[in-house]
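First comes the structure, then the notes that go with it.
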Amino acid sequence: MRYGHFDDQRREYVITRPDTPLPWMNYLGCEFYFGIISNTAGGYSFYRDARLRRLTRYRYNNAPFDSGGRYLYLRDNDTGEFWSPSWQPTRTKLDKYECRHGLGYTIIRSSCKKIEAQTSYFVPLGETLEIWKFRVTNRRKKPVKLSVFSSIEFCLWDAQDDATNFQRNFNTGQVEVVDGVIYHKTEYRERRNHFAYFACSKKLAGFDTQRDTFLGAYRSWDNPAAVARGKSFNSIAHGWAPHGSHHVKVNLKPRETKEIIFVLGYHENPADRKFNRPDSQTINKKTVRPIIAKYLDGRNVDAAFESLRRYWDGLLGIYQVRSPDIHANRIVNIWNAYQCMATFNLSRSASFYESGIGRGLGFRDSNQDLLGFVHMVPARARERILDLAATQLQSGGAFHQYQPLTKRGNHNLGSNFNDDPHWLILGVAAYLKETGDWKILDEPVPFENAPGSEQPLYEHLRRSFNYTLERLGPHGLPLIGRADWNDCLNLNCFSNTPGQSFQTTTNKDGKVAESVFIAGLFVRAGKELAVIARKRGQGEDAERCLAEIAKMETVIYQHGWDGEWFVRAYDDFGRPVGSKICDEGKIFIESQGMCVMAGIGLQDGKAKLSLNSVNKHLATRHGIVLQQPAYSKYYLHLGEISSYPPGYKENAGVFCHNNPWIIIAETMVGNGNRAFDYYMRINPSAREKIGEIHRCEPYVFAQMIAGKDAPTHGEAKNSWLTGTAAWTYFTVTQWILGIRTDYDGLRVDPVIPAKWKRFTVTRRFRGNTYVIKVKNPKGKQRGVKKLLVDGKEIAGNVLPVCPPRSDPIRVEAVLEG
Ligand code: BGC
Ligand code: NOJ
């Protein structure tokens with residue numbers, strides 16, 4: 001079943017009924033002020049950090065699932081009837097409902113009792129505030145007297161503390177209401193110099209700032225006392241739960257429309273000018289007033305909305321495809337790129353499944369995310385790389401996570417995820433290929449953020465590579481440490497204490513458990529490092545790198561090959577994991593994907609054999625599951641992976657993140673049909689027609705789709721913030737469509753379904769726009785035999801970098817052979 005449709009022209013997803021299987025969400029903001037917004041206006045907002053600077057409160061795992069948000073109420077003052085124009089929280093039946101999620105904005109339209117309403121929510125570029133532009137129209141034959149009530153619940157800033165420390169929190173809340181603006185200033189009296197404000201463009205009939213007065217005792221969001229009686233209480237919060245509600249009266253003649261603008265924002269004052277007078281306890285509002293005034297003016301709001309559109313035009317214009325497949329087109333051109341920006345901005349912090357109070361930025365996650373956004377925001381990618389590298393340890397290892405506010409490594413979790421360092425090499429390689437900015441390798445970057453420890457970024461990459469060489473196990477394969485990419489394959493954990501976190505509990509300093517996956521990753525990253533070293537004139541480093549890679553390849557053939565596929569790992573007893581001799585978990589996806597991507601087995605048929613085994617044992621119609629057979633019980637020596645019931649998450653779920661690895665591997669063996677087929681199984685737009693099974697948003701990828709062992713096979717979970725975003729984008733744009741960045745140019749190497757006759761990609765790259773037409777007259781899956789640049793044939797399949805010019809470079813590629 002469908003719950004809406006794509007509007008590709010406007011680059012929006014249009015949800016046509018409010019009761020989607022799960023809240024279908026969007027993000028507001030793309031710089032430092034962010035909001036999560038659902039199709040019924042649920043969600044919350046924060047400045048930079050969803051834990052420490054949360055403006056509005058949100059209760060996860062609620063019933064209904066998505067309660068609390070940016071709510072408005074409309075009340076007919078003649079009859080006393082009231083409803084929510086975004087459906088939630090009153091859930092009054094609406095005669096019309098439509099939610100348009102666009103790029104950085106959401107518009108919810110509805111009609112109820114012949115009163116039409118439209119609210120546009122967005123965050124202007126460069127600002128730390130959000131706008132709700134509300135328009136209400138009378139479609140009745142008679143004039144109507146309405147009341148509009150706004151409602152948000154202020155969070156007391158630290159979201160973790162907000163949800164736990166009530167003996168304190170019920171006493172600290174403070175607000176001010178001045179000139180119709182509600183200021184939330186809890187803790188401002190002491191060590192904070194930031195506050196929130198909630199303003200309204202119309203004269204107020206009243207306001208409320210104490211939640212329980214607004215709602216009334218034993219009442220809820222669907223029936224607030226102020227709304228029911230049609231009059232605010234003008235309450236001022238002292239402790240308890242500060243809240244923001246404006247009451248505006250609107251009289252409308254037939255067909256008349258009125259507009260009200262609400263502005264919710266975050267503001268910081270200089271520490272020495274926090275208060276009006278040094279001895280007063282009232283907020284100095286001089287710095288914020290001009291900002292509020294600016295955005296209460298509709299013309300400025302419209303101009304800001306226009307700038308936001310242009311911003312996204314610019315970003316998405318960098319890579320556009322016209323292919324025979326509508327799902328590929330819209331996901332590549334719009335939604336996947338957009339999702340990559342969300343993972344860049346938010347990493348894994350705040351969605352409807354990530355609470356915003358948990359992890360910081362993951363070292364491996366953020367390095368992989370780079371693959372999906374480096375072409376859109378190269379300068380910010382550069383900064384991200386340097387931040388990440390600064391959390392690396394002298395040993396070459398890395399803090400597994402760092403905190404976005406402080407940019408410091410997270411000591412609770414520490415290091416020893418032995419795959420981590422290699423992702424830095426791959427991230428830097430992707431950046432160099434996109435930008436050609438070789439100077440970044442000379443940037444002095446500290447270890448563990450310690451001043452004085454700076455070394456050129458290049459040295460960080462060398463240490464990343466050496467890290468593995470210094471940690472080899474009994475078979476000569478890399479020791480796994482706490483875990484590799486698969487956080488849940490915990491071979492040194494042996495946790496038998498209820499409630500212990502597999503992720504943070506102390507592991508034994510294992511000297512036996514090894515990872516074939518890291519071995520593959522080492523080879524792949526090492527190959528990049530060798531090229532980088534050679535290009536930097538460090539030939540010796542390159543030679544050494546290649547020699548070590550060759551040794552590792554030999555070890556993989558000896559101890560990492562199982563006959564029909566690659567082994568996954570060796571456990572703490574030296575027994576294989578992911579081998580035909582295992583009872584469960586005989587074959588894993590990760591080592592197949594990574595070893596083939598590293599080029600292992602391409603010459604001797606092992607790559608094809610491994611991929612055929614994946615097809616036989618792991619592929620399902622809903623994607624490729626992580627391993628088979630699923631673990632049916634808890635295995636102390638395997639850890640969290642066996643804690644999940646069969647078919648979920650790492651225990652044989654379709655963990656979408658690594659499906660693209662198999663897809664890339666398939667393109668490397670020239671199998672365009674299969675590569676594209678696999679891609680379509682997880683492409684959210686292609687899954688739109690099975691909305692009641694898939695349940696998550698049809699416009700973004702989810703982390704997981706339940707595997708074939710699960711009773712809910714095909715059900716997606718944890719949408720939006722997942723490494724799947726970057727990997728699928730990278731895979732389709734660079735490996736299937738095959739317009740691939742390389743150190744010296746843009747490679748054209750599509751591996752496509754044989755039935756595709758042609759496609760066109762427009763790509764901005766190093767100052768030029770390339771319009772690349774690919775023709776496939778003979779129904780091939782791969783093999784560019786002819787490449788014309790501005791009508792002239794060139795040798796090979798790499799478009800050289802050339803001086804920027806204003807007209808596009810016209811390229812024609814013909815597949816043959
Ligand atoms: C999840 C992983 C995740 C890890 C770290 C585990 O419980 O299954 O997918 O990476 O937690 O938060
Ligand atoms: C999600 C984590 O963010 C990522 O780092 C990890 O690789 C996958 N889970 C697989 O466990």
Side-chain angles (χ1 to χ4, degrees), residues 342-344 346-351 353-372 388 398-402 410 412-424 426-427 480-491 493 495 499-505 507 515 517-518 520-521 568-569 585 588-591 593-594 623-627 630-631 634 638-661 701-707 710 716-728:
T343 57
F344 162 60
L346 297 142
S347 189
R348 306 295 176 270
S349 71
S351 70
Y353 313 96
E354 301 284 3
S355 66
I357 57 179
R359 330 188 220 169
L361 268 73
F363 191 88
R364 80 157 81 89
D365 293 339
S366 295
N367 274 301
Q368 291 174 78
D369 290 349
L370 270 161
L371 297 174
L388 283 163
F399 275 108
H400 194 50
Q401 293 167 357
Y402 76 95
N410 180 346
N412 295 343
L413 196 49
S415 174
N416 295 332
F417 290 78
N418 283 352
D419 63 317
D420 273 341
H422 296 293
W423 298 112
L424 180 66
L426 293 180
I480 198 166
R482 297 182 70 89
D484 60 24
W485 172 88
N486 190 331
D487 283 315
C488 298
L489 191 59
N490 314 123
L491 304 181
C493 188
S495 174
Q500 214 167 42
S501 158
F502 291 100
Q503 301 295 315
T504 55
T505 190
N507 277 12
S515 164
F517 169 80
I518 300 182
L521 179 63
R568 176 62 177 85
F588 277 65
I589 194 171
E590 301 101 302
S591 42
M594 192 48 78
I624 309 167
V625 298
L626 194 143
Q627 117 273 19
Y631 295 117
Y634 178 57
L638 298 178
E640 183 166 355
I641 190 167
S642 59
S643 75
Y644 289 111
Y648 295 106
K649 296 277 281 183
E650 284 86 343
N651 189 15
V654 175
F655 213 94
C656 298
H657 183 135
N658 50 30
N659 277 225
W661 300 349
F701 290 87
Q703 181 201 55
M704 195 225 37
I705 298 175
K717 277 195 193 132
N718 193 2
S719 54
W720 280 98
L721 301 182
T722 156
T724 314
W727 274 105
T728 49

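In each ligand, atom 1 is the first atom listed, and ligand 1 is the first ligand listed. Residue numbers count from 1 along this sequence.
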Taking only Lys NZ, Arg NE, NH1 and NH2, and the carboxylate oxygens of Asp or Glu, determine whether Arg482 and Asp420 approach each other closer than 4.0 Å.
no
Is Lys649 near ligand 2, meaning one of its heavy atoms is under 4.0 Å from it?
no
Test item: Gln627 side-chain N/O and Ala652 main-chain N/O as donor-acceptor pair under 3.5 Å:
yes
Give a yes-or-no answer on whether the side chains of Glu590 and Trp661 include a donor-acceptor pair shorter than 3.5 Å.
no
Between the main-chain N or O of Thr724 and the side-chain N or O of Thr728, is there a donor-acceptor pair closer than 3.5 Å?
yes
Check Tyr648 against ligand 1 and report side chain, backbone, both or neither, counting heavy atoms closer than 4.0 Å.
neither
At less than 4.0 angstrom from any non-hydrogen atom of Asn486, what atoms of ligand 2 do you find?
11 (O)
Ligand-side contact atoms (ligand 1) for residue partner Lys649, heavy atom cut-off under 4.0 Å
1 (C), 2 (C), 8 (O), 9 (O)
Can you name the atoms of ligand 1, numbered from 1 with element, that are less than 4.0 Å from a heavy atom of Tyr644?
1 (C), 6 (C), 7 (O), 8 (O)
At under 4.0 Å between heavy atoms, is it the side chain or the backbone of Asp487 that contacts ligand 2, or both, or neither?
both
Ligand 2 atoms nearer than 4.0 angstrom to some heavy atom of Phe655 are 8 (C), 9 (N), 10 (C)
Report yes if some N/O of His657 lies less than 3.5 Å from some N/O of ligand 2; otherwise report no.
no
Find all atoms of ligand 2 within a distance of less than 4.0 Å from any non-hydrogen atom belonging to Glu650, and give their numbers and elements.
9 (N), 10 (C), 11 (O)
Backbone N/O of Ile624 and side chain of Asn659: donor-acceptor pair under 3.5 Å:
yes
Looking at Asn718 and Tyr353, would you say the former's side chain and the latter's main chain have a donor-acceptor pair under 3.5 Å?
no
Let me know which of Ser643, Ser642, Pro646 forms a side-chain contact (heavy atoms from CB on, under 4.5 Å) with Tyr631.
Ser642
Would you call Arg364-Asp484 a salt bridge at under 4.0 Å N-O?
no
Between Glu640 and ligand 1, find which residue part has any heavy-atom pair under 4.0 Å and reply side chain, backbone, both or neither.
side chain
Go through ligand 1 atom by atom and flag the ones less than 4.0 Å from a non-hydrogen atom of Gln703.
9 (O)
